[in-house]
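Side chains are part of it too, since the values below use all heavy atoms of this structure and drop only hydrogens, waters and symmetry mates.
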Amino acid sequence: MSAGRAEQAVSVRLVKAGITKIRYPAVLLADDGVHLVVRASWAGEGVRDFGFVRFEPGDVFTEHYWRDRWYAVKEVRTGDGGLKGWYCDIVRPALLHDDELVVEDLDLDLWVSADGSSVLRLDEDEFADSGLEQRDPEAAEAAVGALDALERVALVGALGGLLAYEGSRLR
């Protein structure tokens, strides 16, 4: 699917340790064979306050996944379009089967505030406790490398460059 075709309904399924953590409806905006872009409303129940950001009903997530990268970047906006920031998940490369986008969460996350002044590494304790380093050292190395790379990109203010795709106008 290219950016010029009609939008397609998909289901995003986030898997963690072999168990479906959450499944939610989204619209596939673009798929160039490597980079997939979907848009979805906040799928959680009620408000989730992390201290540095609140996800709440009405928030809109434009989510970028790649078939060859170990991360996903989710642009988070309020219902009226105000940018909250970017929530980055460290994940195995995405798989799209028919109308289901499957992503395996590897516990590490990065938050980047809308103005770029706050770049926070998250859940490193969960990652350490997950046992991935023992079960799959290559995946663990790829996950840590992806987090480090995303943090470097965010610290120089270049996160937006990762999110560009041909023919896009995201807003």
- For Val119 and Leu110, run side chain to side chain contact (heavy atoms under 4.5 Å, CB included): C-alpha distance rounded to whole Å, both residues' side-chain angles, the deciding distance at 0.1 Å, then the answer. CA-CA 7 Å; Val119 177; Leu110 187 76; 3.9 Å; yes
- Query: Trp66 and Val73: side chain to side chain contact (heavy atoms under 4.5 Å, CB included), yes or no, with the steps?
  - Reply: CA-CA 9 Å; Trp66 289 266; Val73 179; 4.2 Å; yes
- Derivation of the side chain to side chain contact (heavy atoms under 4.5 Å, CB included) call for Leu106 and Asp89: CA-CA 8 Å; Leu106 299 176; Asp89 284 320; over 6 Å; no
- Could you walk me through whether Glu104 and Val102 pass side chain to side chain contact (heavy atoms under 4.5 Å, CB included), step by step? CA-CA 7 Å; Glu104 183 181 347; Val102 180; over 6 Å; no
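By the 4.0 Å N-to-carboxylate-O rule, Arg121 lies close enough to Glu151 to be salt-bridged with it. Ion pairing between Lys16 and Glu126 holds under the 4.0 Å rule for side-chain N and carboxylate O. Under the 4.0 Å criterion applied to side-chain N and carboxylate O atoms, Glu56 and Lys84 are assigned as salt-bridge partners.
When every heavy atom of Ala26 is checked against every heavy atom of Ala40, the shortest pair comes out as CB-CB, 3.9 Å. In terms of heavy atoms, Asp31 sits closest to Gly33 at OD1-N, 2.8 Å. Across all their heavy atoms, Arg23 and Ser11 have their closest contact at CG-OG, 3.1 Å. Here the shortest heavy-atom pairing between Val91 and Asp105 reads CG1-CA, 3.9 Å. Counting all heavy atoms, side chain and backbone alike, Val103 lies closest to Arg92 at CG1-O, 4.3 Å. Of all the heavy atoms in Leu101 and Ala94, the pair that sits closest is CD1-CB, 3.9 Å.
Under a cut-off of 6.0 angstrom, the local environment of CD in Glu100 is crowded, with over 12 non-hydrogen atoms contributed by other residues, nucleotides or ligands. In Gln134, the CD atom is crowded: over 12 heavy atoms of neighbouring residues, nucleotides or ligands sit closer than 6.0 Å. Within 6.0 Å of CG on Asp125 lie more than 12 heavy atoms contributed by other residues, nucleotides or ligands. In Arg48, the CZ atom is not crowded: 12 or fewer heavy atoms of neighbouring residues, nucleotides or ligands sit closer than 6.0 Å.
Here Gln8 contributes atom CD and Asp98 contributes atom CG; the two are 9.0 Å apart, rounded to the nearest 0.5 Å. Atom NZ of Lys74 is separated from atom CZ of Arg39 by 15.0 Å, given to the nearest 0.5 angstrom. Atom CZ of Phe127 and atom CG of Leu108 lie 5.0 Å apart (nearest 0.5 Å). With rounding to the nearest 0.5 Å, the separation of CZ in Arg54 from CG in Asp49 is 5.0 Å. One finds the CZ atom of Arg152 at 13.5 Å from the CG atom of Leu159 (value rounded to the nearest 0.5 Å). Note: Thr78 OG1 to Leu83 CG = 8.5 Å, rounded to the nearest 0.5 Å.
The side-chain heavy atoms of His97 and Leu95, taken from C-beta on, include a pair separated by under 4.5 Å. By the 4.5 Å heavy-atom criterion applied to side chains, Leu29 and Val38 are not counted as neighbours. Two residues are said to be in side-chain contact when any heavy atoms from C-beta on lie closer than 4.5 Å; Ile90 and Asp109 fail this criterion.
Under a hydrophobic clustering in which Ile, Leu, Val, Met, Phe, Trp and Tyr are joined whenever their side-chain heavy atoms come within less than 4.5 Å, directly or via other members, Leu163 and Leu147 fall into the same cluster. Residues Leu28 and Tyr24 fall within the same hydrophobic cluster, defined by Ile, Leu, Val, Met, Phe, Trp and Tyr side chains chained together at heavy-atom separations under 4.5 Å. If you chain together hydrophobic residues whose side chains sit under 4.5 Å apart, Val144 and Leu132 fall into the same group. Residues Val47 and Val60 do not share a hydrophobic cluster, clusters being chains of Ile/Leu/Val/Met/Phe/Trp/Tyr side chains in contact below 4.5 Å. Hydrophobic cluster membership is shared by Tyr71 and Val34, with clusters built from Ile, Leu, Val, Met, Phe, Trp and Tyr side chains linked at under 4.5 angstrom.
Just one residue in the list Glu75, His35, Arg69 forms a side-chain hydrogen bond (donor to acceptor under 3.5 Å, both in side chains) with His64, and that residue is His35.
Within the 3.5 Å criterion, the main-chain N or O of Ile22 finds no donor-acceptor partner in the side chain of Thr20.
Phe50 belongs to a hydrophobic cluster with Trp42, Phe52, Val53, Phe55, Phe61, Val76, Tyr87, Trp111, Leu120, Leu122, counting contacts under 4.5 Å between side-chain heavy atoms of Ile, Leu, Val, Met, Phe, Trp and Tyr, direct or through other members.
Here Ser41 pairs with nothing under the side chain to side chain donor-acceptor pair (under 3.5 Å) rule; sequence neighbours left out.
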